[in-house]
Each structure stands twice: as structure tokens, then as C-alpha cells.
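First up is the structure itself, then whatever we jot down about it.
A note on names: the letters A, B, ... follow the listed sequences, proteins ahead of strands, and every chain is numbered from 1. What you see is a predicted model; the values in this text were computed from it and never measured.
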Number of protein chains: 2
Amino acid sequence: MISADNSSIVAALRKRIIDGHYAPGERLAEIPVAEALGVSRTPVRLAFRTLEQEGLLQRVGKRALAVRVFSPADVQCAIEVRGVLEGLAARLLAERGLDPKTREVLLDCLHEGEAIVGAAQLTEESIGAWSEVNTRFHAAIVDADDRRVIADAIARNNHLPFASADSIIIDRAELDQAHQRLRIAQLHHRLVFDALEKGEAARVEMLMREHAQIGLRYDNLLIPERHE
Amino acid sequence: MISADNSSIVAALRKRIIDGHYAPGERLAEIPVAEALGVSRTPVRLAFRTLEQEGLLQRVGKRALAVRVFSPADVQCAIEVRGVLEGLAARLLAERGLDPKTREVLLDCLHEGEAIVGAAQLTEESIGAWSEVNTRFHAAIVDADDRRVIADAIARNNHLPFASADSIIIDRAELDQAHQRLRIAQLHHRLVFDALEKGEAARVEMLMREHAQIGLRYDNLLIPERHE
DNA sequence: TCCATTCTGTTTGGATCCAATAGAGAAAGA
DNA sequence: TCTTTCTCTATTGGATCCAAACAGAATGGA
């Protein structure tokens with residue numbers, strides 16, 4: 001039984017899809033889902049509509065809905081999309097000029113991140129804290145009235161299976177690997193901030209584009225062997 | 001009265017919003033809309049949900065829905081978003097290599113476009129024809145299984161008010177201005193194809209990014225004065 | 001034996017009814 | 001006169017009922 005308000009039904013279904021309770025490709029019918037959630041068909045239909053629009057559900061044939069199957073190419077694409085969109089947002093911010101308020105937020109993030117990453121040891125909690133700082137950093141760059149369309153596009157793209165980069169980092173990485181990753185990410189934050197402040201639009205776009213993908217390309221984050 | 005199938009209700013509402021029948025900022029209630037369309041509230045609710053997700057409607061306060069107001073910054077952003085996404089799609093295509101089928105389609109578009117743009121005079125019909133060719137060119141670059149996520153992101157972004165670049169060109173431009181624009185666009189198509197064939201990924205991304213915006217930045221398309 | 005047609009059951013889509021609630025407006029108090 | 005609170009109404013959200021469409025099975029004919 002779910003708190004019978006539609007947005008929580010959407011959230012519940014989204015969660016079930018993302019964590020595999022409903023398998024990719026599995027067909028979803030209204031009645032069983034409604035019964036499982038303890039509500040009537042109407043709100044489930046609404047929720048299906050939302051999730052279809054988000055791209056988590058997919059029409060099969062003319063009427064049936066199924067959980068969308070994401071190929072590796074899909075995930076790769078979604079990572080790239082996130083990269084170009086965040087890069088774009090950063091560039092527009094650089095072109096328009098860094099306002100004092102955003103600058104303040106970014107600086108706070110930098111300092112807090114420095115403290116976390118600079119610690120000798122990473123803990124579960126400090127990873128959580130960094131993830132929060134990271135989210136704030138990205139939000140500061142993306143969320144503004146004059147870039148709302150980009151923020152929307154990113155949000156929609158993020159409904160894709162990797163859902164939240166943060167959870168991947170926390171779930172998948174061993175602690176020492178995570179530490180190395182966070183150091184890289186923190187460095188990126190510094191570089192991005194630096195370029196933003198100097199108004200180096202093209203450079204900040206490139207940096208942000210690269211950085212936006214770091215939490216997601218988790219396969220590539222291991223430090224490669226020294227080759228000399 | 002509308003053919004009582006939900007997707008046509010969505011389409012009808014979308015049309016009314018885009019062509020201003022419902023003004024930006026205007027609040028939409030279910031009952032009057034349902035009566036206007038001659039259907040009950042249920043399908044209207046579904047349609048509202050879709051349009052809200054698309055970004056054409058926007059929640060005001062806690063329950064009310066209103067037609068979204070697009071600022072100039074929004075439109076600018078949407079153009080930029082389209083640019084980076086199409087650029088990304090083109091780059092991925094270049095990296096993966098141009099398959100024979102896509103190559104064929106693009107070549108056809110180039111030749112047909114050449115014929116239209118090369119004509120002495122442009123007509124309403126030839127603009128329409130070029131618009132169709134242009135659409136096919138872009139689709140060939142964007143629509144493929146391995147870039148579906150990008151295509152989706154572009155499609156969602158295009159629900160924004162400018163809706164279709166083609167209609168803007170046709171509606172707003174004088175014929176001779178249009179001719180000049182189409183020549184530029186055709187040149188872009190050639191450059192993009194060339195870069196694609198050579199596998200020049202970074203270059204094709206840049207070219208496509210620029211080109212994707214040409215139909216949209218209609219203010220910038222006038223040929224500047226010669227400066228020497 | 002295989003194909004086509006029909007029949008039936010399952011599922012989606014639409015209409016209507018009922019309940020909850022947000023928001024406006026009125027009334028009362030400061 | 002301004003602010004706060006209360007009430008009432010308009011509107012949204014959920015449940016249920018009904019109709020239509022689709023899929024699959026079964027039966028009949030070739």
C-alpha cells in the first residue's frame with residue numbers, strides 16, 4: 001500500500017523499475033500494478049503516462065506497455081547527453097558572467113569538497129557528504145532561470161537507468177577507488193570554477209563536459225598503470 | 001469535437017497551445033477543455049499529464065496547470081540544446097563509421113537539396129520540398145538504434161514553442177532571404193557529409209552543432225555586408 | 001491437416017460519480 | 001484599514017462502471 005497521491009505512485013513505480021523489481025522488457029498491465037500498489041487503475045494510468053513520457057516505459061505494439069530495455073549504447077548515449085548538456089549550461093553561465101550568489105555557492109562546494117577529499121580516509125558518510133556537495137555544485141551551474149530548458153533536458157535524461165550517478169559511486173566502488181575518483185572530481189570542480197571565473201567559455205564547456213561524465217563512466221575511473 | 005482517441009487529444013491541445021489559441025500563462029482547467037473538445041475529463045487529464053511532461057504546461061501553485069511562458073532565454077537555450085544534441089549525434093555517427101544505408105540517404109538528400117537550392121527561383125513548393133529533404137537529412141543522422149536516447153532528447157526539446165524549424169522558415173522569411181538561407185544550409189549539409197565520410201568526428205560535431213541552429217536563429221541568417 | 005472465421009476472455013480507454021482540498025472571498029478582530 | 005481566520009465553492013484526484021479493441025483459442029470448412 002502506497003500513500004495514495006499520484007506523485008508518490010510515480011515515484012514508487014520508478015523505483016521498482018530502476019532497481020529491477022520489474023525486469024527490463026517485462027510487460028506492465030494496469031490491473032496487477034494497481035492491486036500491487038493498493039490503488040485503483042486511474043492513478044496507475046496517470047503514472048504510466050508519466051513514465052512513458054520519461055522514457056522508462058515503452059509502448060509495445062498498439063496498447064501494451066513494457067519496461068524499456070536499455071542497451072549499452074543507450075547508457076553510453078545518456079552519459080554523452082549529460083556531458084554535452086552540462087557543458088552547455090556551464091558555457092552559457094561563463095558567457096553571461098558568474099553572478100555573486102552562484103559564485104558563493106560554488107566556492108562553498110569547493111571548500112567543503114576539499115575538506116572531504118583531503119581527509120586521510122574516506123568513509124561511507126564522507127562519500128555521502130561529498131555526493132551532496134557534488135549535487136549542489138552541479139545544481140548551481142545548471143539551475144537558473146535563464147538555463148531552465150537545459151536543466152529540464154538534463155532532468156529528463158537522468159530518468160534513465162543510471163538514475164543517479166551518486167548511487168553508482170557509492171554502491172559499486174571500493175572505498176580506495178572511490179577516494180581516487182573523488183580526488184579527480186574535486187580537481188575538475190576547481191578547474192571548472194577557475195574557468196568560469198575567468199569567463200573562459202569554451203574551456204569551461206569542455207571541462208564540464210568531461211567532468212559530468214566522470215561519475216558515470218565508472219569503468220574508466222581506475223588509475224591506469226604508469227607507462228614509463 | 002475531436003476524434004475521441006487520446007493521442008489526437010494531445011495533438012489538438014498541443015496545436016492550440018503552439019498557435020496561441022491558449023495564451024502563454026493562461027490557466028487550463030479540465031472541465032472547460034473537456035467541453036471544448038467534446039470529451040470527458042479523463043482523457044483530458046491524461047493529455048494534460050503528457051503536455052506537462054513535455055514542458056508545454058506547467059504547474060502553478062499546487063494543483064493548477066497553466067500554459068508555460070517561454071522567455072527569450074528559454075528559446076535561446078532550446079536552440080543551443082538542439083545544437084549540442086545534434087552535434088553529439090553526428091559525432092557518434094562519425095566515430096562509429098558511416099554505414100552504407102545512412103550514407104545512401106544522406107547522398108540522396110544532398111543531391112535533391114542541390115537541385116532545389118540551385119534553381120534560379122525559389123517557390124513556396126520548393127521550400128516545402130527542401131524542408132522535407134532537410135528533415136530527412138537530420139533524421140538520418142539522429143535516428144538510429146544506437147543513438148535513440150539522443151533522438152528522444154531532441155524530440156522532447158522540440159516540443160518547445162518553435163516546434164518545427166521548417167514552419168518558421170516558411171512563415172517568416174521573404175523568398176529571397178529564404179533562398180540565401182537554404183544555400184547556407186545546403187552548404188552545411190555538404191560539409192557535414194564530407195566530414196562524416198572522412199570520420200572527422202570533432203569537426204562534424206562542430207559543423208552539425210552550428211548547422212542545427214541555422215533554421216532556428218532566423219535573426220542571424222541575413223548575409224552580412226561585405227567588409228572589404 | 002491446415003487455414004480461416006468466429007467467439008470469448010482479457011485489457012485498455014472513456015464516462016461518471018464521489019471525496020478531498022486548495023484557493024478565493026467574506027467576515028471578524030486588531 | 002489592514003490582517004487573519006474561517007467558510008464555501010470550484011476544481012482536482014480516485015474509484016467504479018461501461019464500452020470497445022485486441023489476442024488467443026476453438027471450431028468449422030476445404
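- Taking atom CD1 of A/I31 as the reference point, atom P of C/dG9 lies 15 Å away to the nearest angstrom.
- In the set C/dG14, D/dT12, D/dG14, the nucleotide with an atom closest to the side chain of B/A29 is D/dT12.
- Across all strands, A/R27 comes closer than 4.0 Å only to sugar-phosphate atoms, never to a base (heavy-atom distances).
- As rounded to whole Å, 13 Å separates atom C1' of C/dA15 from atom CD of B/E30.
- Between B/S40 and A/F48, the one whose closest nucleotide on DNA chain C sits nearer the 5' end is A/F48.
- Atom CZ in B/R45 sits about 13 Å away from atom C1' in C/dG13, given to the nearest Å.
- C/dA22 atom P lies 15 Å from atom CG of A/N6, rounded to whole Å.
- As a whole-Å value, the separation of B/L37 CG from C/dA15 C1' is 15 Å.
- Contact check for A/L98 versus A/L106: side-chain heavy atoms found under the 4.5 Å cut-off.
- Paired with B/E54 under the rule salt bridge (Lys or Arg N to Asp or Glu O under 4.0 Å), one option of B/R49, B/R68, B/R14 passes, and it is B/R14.
- For B/K62, taking side-chain heavy atoms from C-beta onward, the closest of the listed nucleotides C/dG23, D/dC17, D/dA15 is C/dG23.
- Counting to the nearest Å, the P atom of D/dG13 and the CZ atom of A/R41 are 18 Å from each other.
- Taking the side chain to side chain donor-acceptor pair (under 3.5 Å) definition, one finds that B/Q53 meets it with nothing, sequence neighbours left out.
- Comparing A/R63 and A/L46 against DNA chain D, the residue whose closest nucleotide sits nearer the 5' end is A/L46.
- In this structure, B/R59 places its CZ atom 9 Å from C1' of D/dT12, rounding to the nearest Å.
- Between A/D74 and A/S71 there is a side-chain heavy-atom pair separated by less than 4.5 Å.
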